[in-house]
Amino acid sequence: MTNLQSLRGMIDLLPSQAERWQKVEALARNHFRRAGLGEIRTPLIEHTELFSRGIGETTDVVGKEMYSFIDRGDRSCTLRPEGTASVVRSVIQNGLLSQGPQRLWYMGPMFRYERPQAGRQRQFHQIGAEFFGLSSEISDAEIISIAWDFLNDLGLQELTLEINSLGTTEDRKKYRENLVAWLENFSEQLDDQSLKQLKQNPLRILDSKKAHIQELLNGAPMIGEVLCQRSQDRFLNIQSILNSLGIPFTINQKLVRGLDYYCHTAFEITSKQLGAQATVCGGGRYDGLVEQLGGPATPSIGWAIGLERLLILLSEDYFKKEVPEVYIVNKGCKAQIEALKLARDLRKSNFLVDIDYSGSAFSKQFKRANRSNASWAVVIGDQELLQKEVRLKSLKGETIDPGEHFVKISDLNQIIERLRS
RNA sequence: GCGGGCGUCGCCAAGUGGUUAAGGCAGCGGCUUGUGGCGCCGCUAUUCGGGGGUUCGACUCCCCUCGCUCGCCCCA
């Protein structure tokens, strides 16, 4: 490698792609605005401790995927691997929780040191929503519905919403014991991977992709069986609200999610079109996290959408390329200055304007004008300068010569009027 | 971190040991020194991701390295 390249798993977004991103981002903003959420922007770098305490020491994200470094003040810092911990920190630090429930959203890059593959980069982007101070089942359903509506508004097909309940901390602890006890009877059938997980994070075995493990699990105890009455009621209530909203879902008792902080509701929206990294949106309730990070006990729930994956799902024809409305054909130094002046004026009036810089033959410039898909060519050359005019020529329509208009260059209003006709 | 596939012009792509590395798109110039969409003609890789080796000779074989890609792990 002689030339400098971007770091592995960190990609450039070129104009054609950036346009697509902007469209998706704008739609997300629109959905959040209508749902009354406020934007929060937190730093990309935090104390390492925020993530190790917030996400969980035993998770892979913390254990082997963080971009950490020691800064010049001898602090251990980490590029955020996800958004929730930072938002929780901010909400505590800035005292927002004493101002009533908070309904927030964020958007931006996250960093995880993993091996890149389809829909997974080391610098990737998430859009997320978080509710604080709301414990009602309605809030679970609402935040899910915001994600669901947004994804559907993008025209995505074949989305599946899966939900599960992880219950309270006690429920989860009890289930963990049951599951470990049961799995230990079959330890000879478990592979190295699962045996390791059995010690560190047994619930994770549930979403193993290995067929023989899944087969074995068919007989395993499920978390639904150990949920306390309140947890069960809560889960049933959410299902009935989702039904009322007409949002289709399936219950997946093996859906546990990787981060330590989840409790009660856990959910995922997946797409079959994505291959191995199928999760577009993942989230859940994390009632204990705020307190764990030093804030007041606060019920909380949130989700995150992976933008790279989302963009994979959007078909090409969802994005229409923006095209210049006006292409200014010109020749000569003086004409070029006039062209730029006119371009500025037209842009102030919201026209999309391209100027030809080549100085080449008019026939060439017209070819380019035509290829740019502009509706109008505006011609400024020696003759026009002499007459203090511009020539407006329509590039649309079947005929090659649909007529031209000469307008005084000083009469901007008339130029605009013609272009709008 | 582990395993499989791949890397030839801005993009797509032929070539798989032997004289000048096809072709298409895009770009530039011309046919037409001031008027477009078609057509025709020309130009555009001293070089095959990078480095080393084998060979009289390598884009083609071997090794290393970088990157991409698919899967595992994990997650959005």
Side-chain angles (χ1 to χ4, degrees), chain A residues 1-11 14 16 55 58-65 81-84 107 109-122 124-128 147 151 191-194 196-197 201 204-205 207-210 256-259 267-271 274-284 302-313 327 329-332 335 356 358-374 376-386 391 393-402 404:
Chain A
M1 185 187 68
T2 329
N3 293 318
L4 254 28
Q5 293 186 5
S6 64
L7 286 166
R8 169 161 226 204
M10 312 228 172
I11 56 168
L14 303 178
S16 60
I55 300 170
T58 63
T59 61
D60 280 30
V61 170
V62 171
K64 59 178 204 191
E65 294 173 1
E82 55 112 50
T84 300
M107 176 187 304
M110 309 291 164
F111 303 85
R112 265 132 77 166
Y113 194 92
E114 301 179 274
R115 188 119 177 217
Q117 62 186 73
R120 182 164 80 195
Q121 307 292 26
R122 289 183 172 180
F124 64 107
H125 297 76
Q126 289 186 332
I127 296 178
L151 295 174
D191 55 324
D192 293 352
Q193 185 76 46
S194 304
K196 221 167 102 192
Q197 287 172 328
N201 209 336
R204 190 62 43 70
I205 298 175
D207 51 21
S208 165
K209 282 174 185 158
K210 298 196 175 74
V256 290
R257 312 215 28 82
L259 280 22
F267 63 94
E268 264 182 17
I269 300 174
T270 56
S271 167
L274 277 177
Q277 313 302 324
T279 306
V280 186
C281 174
W303 52 249
I305 285 176
L307 266 174
E308 280 78 5
R309 292 181 190 176
L310 192 53
L311 276 133
I312 291 172
L313 293 175
Y327 191 98
V329 168
N330 64 93
K331 196 155 197 180
D356 196 301
S358 68
S360 50
F362 277 104
S363 63
K364 277 288 170 217
Q365 295 197 40
F366 271 95
K367 268 185 183 151
R368 279 190 284 265
N370 211 55
R371 217 169 296 160
S372 80
N373 268 318
W376 288 91
V378 172
V379 186
I380 306 177
D382 295 340
Q383 282 173 29
E384 286 80 7
L385 281 180
L386 214 65
R391 187 183 298 224
K393 183 163 176 168
S394 170
L395 297 173
K396 292 292 173 200
E398 295 303 301
T399 57
I400 282 186
D401 190 8
E404 306 178 322

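In what follows, chains carry the letters A, B, and so on, assigned in the order in which the sequence lines appear, proteins first and then strands, with residues in each chain numbered from 1. Just so it is clear, the model here is predicted, and its values are computed rather than measured.
The interatomic distance linking A:Asp192 (CG) with B:rC72 (C1') rounds to 13 Å, in whole Å. A:Lys196 has its NZ atom 13 Å from the C1' atom of B:rC72, to the nearest Å. Taking atom CG of residue A:Asp191 and atom P of nucleotide B:rC72, one finds them 13 Å apart after rounding to whole Å. Taking atom CD on A:Gln365 and atom P on B:rU33, their separation rounds to 15 Å, with Å as the unit.
Residues A:Gln117 and A:Arg120 have side chains that bring a donor and an acceptor to within less than 3.5 angstrom of each other.
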Can you give me the N/O atom pairs linking the protein to nucleotides 28-30 of chain B at distances under 3.5 Å, or say none if there are none?
from: B:rC28; atom 1: OP1; to: A:Arg368; atom 2: NH1; distance (Å): 3.0

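Annotation: B:rC2 and B:rC43 have their P atoms spaced 50 Å apart (nearest Å). B:rA45 and B:rU20 have their C1' atoms separated by 13 Å, given to the nearest Å. Spacing of C1' atoms, B:rC25 relative to B:rU44, comes out at 14 Å, to the nearest Å. Distance check on atom P: B:rG3 versus B:rU19 gives 38 Å, rounded to whole Å. Of the P atoms belonging to B:rG51 and B:rG4, the separation is 26 Å, rounded to the nearest Å. Taking atom C1' on both nucleotides, B:rC9 is separated from B:rC63 by 28 Å, rounded to a whole Å. A distance of about 25 Å separates the P atoms of B:rC11 and B:rC38, rounded to the whole Å. With both ends at atom C1', the span from B:rC48 to B:rC12 equals 16 Å, rounded to whole Å.
Every residue meeting the side-chain contact (heavy atoms from CB on, under 4.5 Å) condition with A:Thr279, not counting sequence neighbours, appears here in chain and number order: A:Glu268, A:Thr270, A:Arg309. Under the side-chain contact (heavy atoms from CB on, under 4.5 Å) criterion, A:Pro109 pairs with A:Leu44, A:Arg80, A:Phe111, A:Gln123, A:His125, sequence neighbours left out. Under the side-chain hydrogen bond (donor to acceptor under 3.5 Å, both in side chains) criterion, A:Glu65 pairs with no residue, sequence neighbours left out. Looking at residues two or more places apart in sequence or on another chain, you find a side-chain contact (heavy atoms from CB on, under 4.5 Å) between A:Asn373 and A:Val323, A:Lys396. By the side-chain contact (heavy atoms from CB on, under 4.5 Å) test, A:Arg204 is found to be paired with A:Gln197, A:Asn201, A:Asp207, residues two or more places apart in sequence or in another chain being considered.
Closest to the side chain of A:Gln193, from the set B:rA76, B:rU35, B:rC73, is B:rC73. For A:Glu404, taking side-chain heavy atoms from C-beta onward, the closest of the listed nucleotides B:rU35, B:rA76, B:rG1 is B:rU35. Looking at the side chain of A:Lys393, the nearest of the listed nucleotides B:rG71, B:rU35, B:rA76 is B:rU35. Comparing B:rA76, B:rU35, B:rC73 by their nearest atom to the side chain of A:Phe362 picks out B:rU35. You'll find that the side chain of A:Thr279 is closest to B:rC75, out of B:rC75, B:rU35, B:rG34. Listed nucleotides: B:rC72, B:rC75, B:rG34. Nearest to the side chain of A:Glu384: B:rG34. For A:Asp382, counting side-chain heavy atoms from C-beta on, the closest listed nucleotide (B:rC75, B:rA76, B:rG34) is B:rG34.
Across all strands shown, B:rA58 forms no Watson-Crick or G-U wobble pair with both key distances under 3.5 Å. Of the nucleotides present, B:rC31 is the one that pairs with B:rG39 by Watson-Crick or G-U wobble criteria, both distances under 3.5 Å. As the counterpart of B:rG10, B:rC25 is assigned, both hydrogen-bonding distances of the Watson-Crick or G-U wobble pattern falling under 3.5 Å. With a cut-off of 3.5 Å on both pairing distances, B:rU20 has no Watson-Crick or G-U wobble partner at all. With both pairing distances under 3.5 Å, B:rG71 is matched to B:rC2 as a Watson-Crick or G-U wobble pair.
Residue ring and nucleobase are stacked for A:Phe124 and B:rA76, with a centre distance beneath 5.5 angstrom and an angle between planes beneath 30°.
The side chain of A:Arg112 places no N or O atom within less than 4.0 Å of a non-bridging phosphate oxygen (OP1 or OP2) of B:rC75. One finds no side-chain N or O of A:Arg120 lying less than 4.0 angstrom from the OP1 or OP2 phosphate oxygen of B:rC70.
A cation-pi geometry, defined here as NZ or CZ lying under 6.0 Å from the six-membered ring centre and within 45° of its normal, does not hold between A:Lys393 and A:Tyr327.
The two residues A:Asn330 and A:Gln365 make their nearest non-hydrogen contact at O-NE2, 2.7 Å.
In this model, no side-chain donor or acceptor of A:Glu65 finds a partner on the base of B:rG1 within 3.5 Å. A donor-acceptor contact under 3.5 Å is not formed by the side chain of A:Arg115 with the base of B:rC68.
Of the possible donor and acceptor atoms, one in the side chain of A:Arg122 sits under 3.5 Å from a partner among the backbone N and O of A:Glu114.
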